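A short worksheet on the structure shown next.
Counting from 1, the numbers follow the sequence of the chain as shown. Just so you know, these numbers come straight off a predicted model, no measurement behind them.
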Amino acid sequence: MTDYGHDLLFSANLIPSSEHPDTVVALAELAEQAGLDLVTFQDHPYQPTFLDTWTLLSYVAARTSTIRLAGNVHPLPLRPPAMLAQSAASLDLLSGGRFELALGAGGFQDAIAAMGGPRRAPGQAVAALEEAIAIIRAVWDPPGEVFFEGEHYQVTGMRRGPRPAHEIGVWVGGYRPRMLELIGRAADGWLPSLPHLGELDALRRGNAVIDEAAERTGRKPSDIRRLLNLGEELPAEQLAEVALVHGTSGFTLMTMDPGRIRRFGEEVAPAVRELVAKERAPDVPRLGLDLFQGGPVIQDGTTGTEPLTITERRSP
């Protein structure tokens with residue numbers, strides 16, 4: 001049983017349809033009204049029926065006041081890390097500290113290449129993402145300059161800044177062991193999708209890889225938040241078990257149904273919070289949560305990367 005102790009987050013993941021832009025914005029506003037903590041948008045720039053996600057995020061930030069925002073997830077090959085860092089920090093400042101950064105290595109290679117992006121083998125994609133995270137964190141830490149010489153990215157004297165309004169979480173979507181190891185040593189969160197995992201027990205095996213990588217680099221497993229995209233609604237009792245058994249503290253429902261968004265925020269989220277709070281409280285009988293045992297081992301054929309270094313020059 002693993003509970004990393006994070007506060008619970010509940011979210012809606014929306015399709016940024018260019019055919020119904022008003023509906024997308026209205027659903028984001030509804031998510032806020034329903035009490036959800038976060039609204040996320042798919043980011044597939046190569047999809048011609050989708051709005052540009054960064055433009056949409058900025059627009060929704062201006063139309064809301066409390067809900068947090070994120071892409072789900074931004075494909076790194078089409079989002080250069082130095083610019084990505086500035087865009088994220090700017091949106092965080094403009095929204096009053098409501099932006100989180102979720103990244104992916106880029107799974108649709110043909111579509112990315114068709115837009116002029118790089119085509120990377122799995123091992124190269126992991127290495128590029130690790131380089132990008134290092135650059136992004138450096139840009140967020142002014143004053144001074146960033147000098148970075150990597151295999152995939154080079155930064156030669158970029159001035160650091162702006163600093164975000166809050167400590168932005170860097171969440172990574174990934175499934176294979178080398179990506180999970182990267183999350184353990186460099187990211188702030190793991191954001192898989194349940195339809196891709198296949199079954200909930202894959203969370204246990206993924207968490208084990210992340211935890212071991214975190215500990216090898218001097219981090220605590222609890223430094224990494226565990227989130228999950230849900231392909232369908234699950235009962236509050238089952239989500240509470242996932243939170244307590246697998247340490248998942250962020251649940252995102254992928255839906256464009258206003259009724260489901262309202263129910264998730266107004267009914268499911270409070271019920272899950274109550275169940276988890278009772279389990280976490282001292283001197284309360286435990287529920288004996290022992291589901292989701294067994295399951296497949298996540299396989300990967302990628303190679304590892306060497307530790308990264310950043311040479312920096314800071315202003316006095």
Taking atom OG of S249 and atom CG of D7, what is their separation to the nearest 0.5 Å?
8.5 Å

Any side-chain heavy atom of N229 sitting closer than 4.5 Å to one from P192?
no

Would you say L9 and L230 are hydrophobically clustered, going by side-chain heavy atoms of ILVMFWY under 4.5 Å?
no

When hydrophobic residues are tied together by side-chain contacts of less than 4.5 Å, even through go-betweens, does L180 share a cluster with I224?
yes

Are V73 and I183 co-members of a hydrophobic cluster defined by side-chain heavy atoms under 4.5 Å apart?
no

Among D92, L56, V60, the one residue meeting side-chain contact (heavy atoms from CB on, under 4.5 Å) with L69
V60

Set out, in order, the CA-CA distance, both residues' side-chain angles and the distance that settles side-chain contact (heavy atoms from CB on, under 4.5 Å) for N13 and L253, then state yes or no.
CA-CA 6 Å; N13 177 230; L253 182 62; over 6 Å; no

side-chain contact (heavy atoms from CB on, under 4.5 Å) between R79 and D43, worked out:
CA-CA 11 Å; R79 307 288 189 188; D43 188 10; 2.9 Å; yes

Of K220, R205, R226, which meets salt bridge (Lys or Arg N to Asp or Glu O under 4.0 Å) against D211?
R226

Can you tell whether the side chains of E233 and R263 come within less than 4.0 Å, N to carboxylate O?
yes

Kindly indicate, with the supporting measurements, whether the criterion side-chain contact (heavy atoms from CB on, under 4.5 Å) is fulfilled by V268 and R273.
CA-CA 9 Å; V268 176; R273 286 193 170 99; over 6 Å; no

I need the minimum non-hydrogen distance between L91 and A61, along with the two atoms involved.
CD1-CB, 4.0 Å

Going through the distances and angles, do T252 and L227 end up as a side-chain contact (heavy atoms from CB on, under 4.5 Å)?
CA-CA 8 Å; T252 297; L227 308 104; 5.7 Å; no

Assess the pair F99 and W54: is the distance between their ring centroids shorter than 6.0 Å?
yes

Measuring from T248:OG1 to L194:CG, what's the distance to the nearest 0.5 Å?
9.5 Å

Contact summary for T40 and S11, nearest pair of heavy atoms:
CG2-OG, 3.6 Å

Test applied, side-chain contact (heavy atoms from CB on, under 4.5 Å); reference residue, L228; option that passes from L239, L191, L197
L197

Do N72 and T53 touch side chain to side chain, with heavy atoms closer than 4.5 Å?
no

Answer yes or no: is there a side-chain heavy-atom contact under 4.5 Å between Y153 and V155?
no

I'd like to know if R68 and D37 make a salt bridge, using a cut-off of under 4.0 Å between side-chain N and carboxylate O.
no

Minimum heavy-atom distance G265-L36, with the two atoms named:
CA-CD2, 3.5 Å

Is there side-chain contact between R119 and I112, with at least one heavy-atom pair below 4.5 Å?
no

Pairwise side-chain contact, Q42 with L14, heavy-atom cut-off 4.5 Å (strictly under):
no

In Å and rounded to the nearest 0.5 Å, what is the CZ to CZ distance from R160 to R137?
13.0 Å

Taking the side chain as every heavy atom from C-beta outward, state whether F251 and L234 have any atom pair closer than 4.5 Å.
no

Salt bridge flag under 4.0 Å for residues E29 and R63:
yes

Ionic contact status for E215 with R219, cut-off 4.0 Å:
no

Quick check for you: to the nearest 0.5 Å, what is the distance between F264 atom CZ and T255 atom OG1?
10.0 Å

Mind telling me whether F108 and H44 have parallel, tilted or perpendicular rings, with 30° and 60° as the class edges?
perpendicular

For the hydrophobic clusters of this structure (ILVMFWY residues joined by side-chain heavy atoms under 4.5 Å, transitively), does one cluster hold both M254 and L51?
no

Any donor and acceptor pair, going by atom type alone, linking the side chain of S193 with main-chain N or O of H196 inside 3.5 Å?
no

Counting C-beta onward and ignoring hydrogens, is there a side-chain heavy-atom pair between P77 and M115 closer than 4.5 Å?
no

About how many Å separate CD1 of I133 and CD of E131, when rounded to the nearest 0.5 Å?
11.0 Å

Check: A121 main-chain N/O paired with Q124 side-chain donor or acceptor under 3.5 Å:
yes

Taking CD in E266 as the centre, count heavy atoms belonging to other residues, nucleotides or ligands within less than 6.0 Å. Is the count above 12?
yes

Report yes if some heavy atom in the side chain of S17 is under 4.5 Å from a heavy atom in the side chain of F50; otherwise report no.
no

Can any side-chain N or O of H246 pair as donor or acceptor with the backbone N or O of A202 at less than 3.5 Å?
no

For H166 and E100, the nearest pair of non-hydrogen atoms, with its separation, is NE2-OE2, 3.0 Å

Give the C-alpha distance, both sets of side-chain angles, the deciding distance and a yes or no for ring-ring contact (aromatic ring centres under 6.0 Å, His included) between Y4 and W190.
CA-CA 13 Å; Y4 299 101; W190 179 31; over 10 Å; no

Checking side-chain polar atoms at under 3.5 Å, does R204 have a donor or acceptor matched by the opposite partner on T2?
no

Side-chain H-bond candidate by donor/acceptor type, T66 with E32, under 3.5 Å
yes

Please tell me whether L38 and I261 are part of a single hydrophobic cluster in this structure, the criterion being side-chain heavy atoms less than 4.5 Å apart.
no

Euclidean distance, T156 OG1 relative to F147 CZ, rounded to 0.5 Å
7.0 Å

Which heavy atom of W171 sits nearest a heavy atom of D188, and at what distance?
CD1-C, 4.0 Å

Could you tell me which non-hydrogen atom of A213 sits nearest to which non-hydrogen atom of E181, and how far apart they are?
CB-O, 3.4 Å

